[in-house]
Amino acid sequence: MIDQVQPRDERIVLADDFGLRVLRWSPPVAVGSGAASGAANAPTWLLVHGLASNARLWDGVARRLAAAGRDSVAVDLRGHGRSDKPDGGYDFATIAEDLRVLIGALDLDRPILAGQSWGANVVLEFAVRYPELTLGIVLVDGGLTDLRDAFPTWDVCWDRLAPPPLVGLPLSDVEAYFHTSHADWPEEGIEGSLANFEIRSDRTIAPWLSRERHKAILESMWGQRTGELWSRLQVPALIVPVDGGEGDWTRAKRAGADAAEAALRTSGVPGRVHWFVGDHDIHAQHPKELTETMLNEERSGLFGGVRVP
């Protein structure tokens, strides 16, 4: 059943011919009924990727959400994947506005937003700005730490975190790298990672996200203060950090998760923390386990509304 679910690949125009690519996943059609076998009153999930990533990294999760009767939408944010790539607009306010307009264009009724890495920062920002448009958020290994705490200046941050030069690498080398470094990933996760790149006619690759746009997003991240956002959040949150064995970085995430929980308690906002052990792209590595965690919290009533099976 899971393998039979396929998304609709669409371009949604937001304004002035600027468009975002989305993958719309729906429950499979019930045999003999001609109707999708979705769960009544179930919320839609809006899935947001990380920096220099793309919607396809959510394939394993979205497929399982559909099999469980849930609609979901995975989006390539501006500059990424198959979406349009304007020169500007890579700050959090503009990205959050893109999602606001997208939700309206798709006529989504208060979806739950799940974001991974930078995407977690994006959905946190979105929920603070537009709490009336979402039932709640899921932050997958992101939205808990501030780059400014790790790097004293923006120049130091960029020097340490600038992307490696990848333009022109042979596709075969990149494929070999992913299969070697992520040997325990399902093939779907590796295919999603390869979708981060344009595959050129000479079988070399180039990241869909240009270096300058990558830099603009990273600088916006360096300026964001997540602690201030957590203190203002008014919608439920599921926090899903990953212990990747990075020592100091994992300790910083634990401190961030504790601070986020404390802020939610002070505000009286429901929130839960569920740790994973694995890779940063846990949604690609362990989509089954992550989907079960998300659905269990939805079913428990964390995000309010009607409990669904």
Side-chain angles (χ1 to χ4, degrees), residues 46-51 53 77-78 88-103 110-158 160-161 213-242 246 248-275 280 297 302-304:
L46 178 55
L47 309 174
V48 182
H49 61 74
L51 178 58
S53 186
L77 297 177
R78 66 167 59 208
Y90 295 95
D91 56 284
F92 280 106
T94 304
I95 299 290
E97 173 67 6
D98 286 347
L99 291 179
R100 184 193 70 80
V101 178
L102 179 67
I103 287 171
R110 300 187 70 202
I112 300 171
L113 275 71
Q116 187 267 343
S117 192
W118 167 62
N121 296 66
V122 168
V123 302
L124 177 60
E125 182 89 26
F126 175 90
V128 169
R129 289 175 177 270
Y130 308 111
E132 72 281 2
L133 296 182
T134 178
L135 290 174
I137 56 175
V138 179
L139 292 88
V140 180
D141 212 32
L144 298 175
T145 58
D146 289 351
L147 291 179
R148 196 175 294 187
D149 293 337
F151 306 104
T153 68
W154 159 240
D155 288 339
V156 171
C157 180
W158 176 244
R160 293 283 301 277
L161 299 183
R213 292 164 189 149
H214 191 125
K215 185 176 184 179
I217 292 172
L218 198 60
E219 187 168 11
S220 182
M221 292 181 71
W222 188 78
Q224 189 187 53
R225 303 303 284 177
T226 57
E228 296 175 5
L229 293 173
W230 282 108
S231 68
R232 294 163 55 198
L233 185 68
Q234 294 299 312
V235 302
L238 171 61
I239 301 167
V240 186
V242 178
E246 305 100 334
D248 289 345
W249 186 232
T250 296
R251 282 189 286 274
K253 287 190 282 189
R254 290 191 182 278
D258 290 344
E261 276 193 294
L264 293 175
R265 282 196 301 271
T266 298
S267 301
V269 176
R272 296 196 186 115
V273 177
H274 185 107
W275 278 86
H280 181 49
E297 295 297 350
L302 173 63
F303 302 110

Under the salt bridge (Lys or Arg N to Asp or Glu O under 4.0 Å) definition, can you give me all pairs with a residue in residues 258-275, not counting sequence neighbours? Arg272-Glu297
Less than 4.5 Å apart, side chain to side chain, heavy atoms only: is that true for Arg100 and Arg129? no
Can you name the nearest heavy-atom pair linking Gly271 to Leu264, along with the distance? CA-CD1, 3.8 Å
Atom CG in Leu77, atom NE2 in His49: separation rounded to 0.5 Å? 4.0 Å
With sequence neighbours left out, the residues meeting side chain to side chain contact (heavy atoms under 4.5 Å, CB included) with Ser267 are Gln234, Val269
Any heavy-atom pair between the side chains of Val122 and Phe92 that's under 4.5 Å? yes
Approximate separation, where rounding is to 0.5 Å, of Leu51 CG and Tyr90 OH: 11.5 Å
Tightest non-hydrogen contact, residues Ala260 and Ile239, listed as CB-CD1, 3.8 Å
Just wondering, do Leu147 and Leu161 contact through their side chains at under 4.5 Å, heavy atoms? yes
Taking the side chain from Asn121 and the backbone from Gly142, do they hold a donor-acceptor pair closer than 3.5 Å? no
Under 3.5 Å, side chain of Thr134 to main-chain N/O of Arg110, donor-acceptor pair present? no
Those residues that, when tested against Pro131, pass side chain to side chain contact (heavy atoms under 4.5 Å, CB included) (two or more places apart): Val235
Out of curiosity, Ile112 CD1 to Leu135 CG, how far, rounded to the nearest 0.5 Å? 5.5 Å
Minimum-distance pair of heavy atoms, taken over all atoms of Ser117 and His280: OG-NE2, 2.8 Å
Rounded to the nearest 0.5 Å, the CD1 atom of Ile217 sits from the CD1 atom of Ile95 at a distance of 6.0 Å
Do any pairs count as a ring pair (Phe, Tyr, Trp, His ring centres under 6.0 Å) and have a residue in residues 215-235, sequence neighbours left out, and if so which ones? none
To check you understand the geometry: which heavy-atom pair defines the closest contact between Leu302 and Pro270, and what is its length? CD1-CB, 3.8 Å
Taking Gly143's backbone N and O only, do any of them form a donor-acceptor pair with Gln224's side chain (distance below 3.5 Å, no angle check)? no
Short side-chain to backbone donor-acceptor contact, Lys253 and Val242, under 3.5 Å: yes
List the atom of Leu233, the atom of Ala127, and the distance in Å for their closest heavy-atom pair. CD1-CB, 3.6 Å
Salt bridge check, Glu228 against Arg232: does any charged N sit closer than 4.0 Å to a carboxylate O? no
Side-chain donor-acceptor contact under 3.5 Å, Asp91 with Ser220: no
Going from CG on Leu124 to CG on Leu144, what distance comes out if it is rounded to the nearest 0.5 angstrom? 9.0 Å
Distance in Å, Leu133 CG paired with Leu99 CG, rounded so as to fall on 0.5 Å steps: 10.5 Å
Shortest non-hydrogen contact from Gly119 to Val48? CA-CG1, 3.9 Å
Qualifying salt bridge (Lys or Arg N to Asp or Glu O under 4.0 Å) pairs with a residue from residues 213-224, counting only residues at least two apart or across chains: Asp87-Arg213
Taking only distance into account, with no hydrogens and no angle test, what donor-acceptor pairs under 3.5 Å do side-chain atoms of residues 149-158 form with protein atoms, sequence neighbours excluded?
residue: Thr153; atom: OG1; partner: Val156; partner atom: N; Å: 3.2

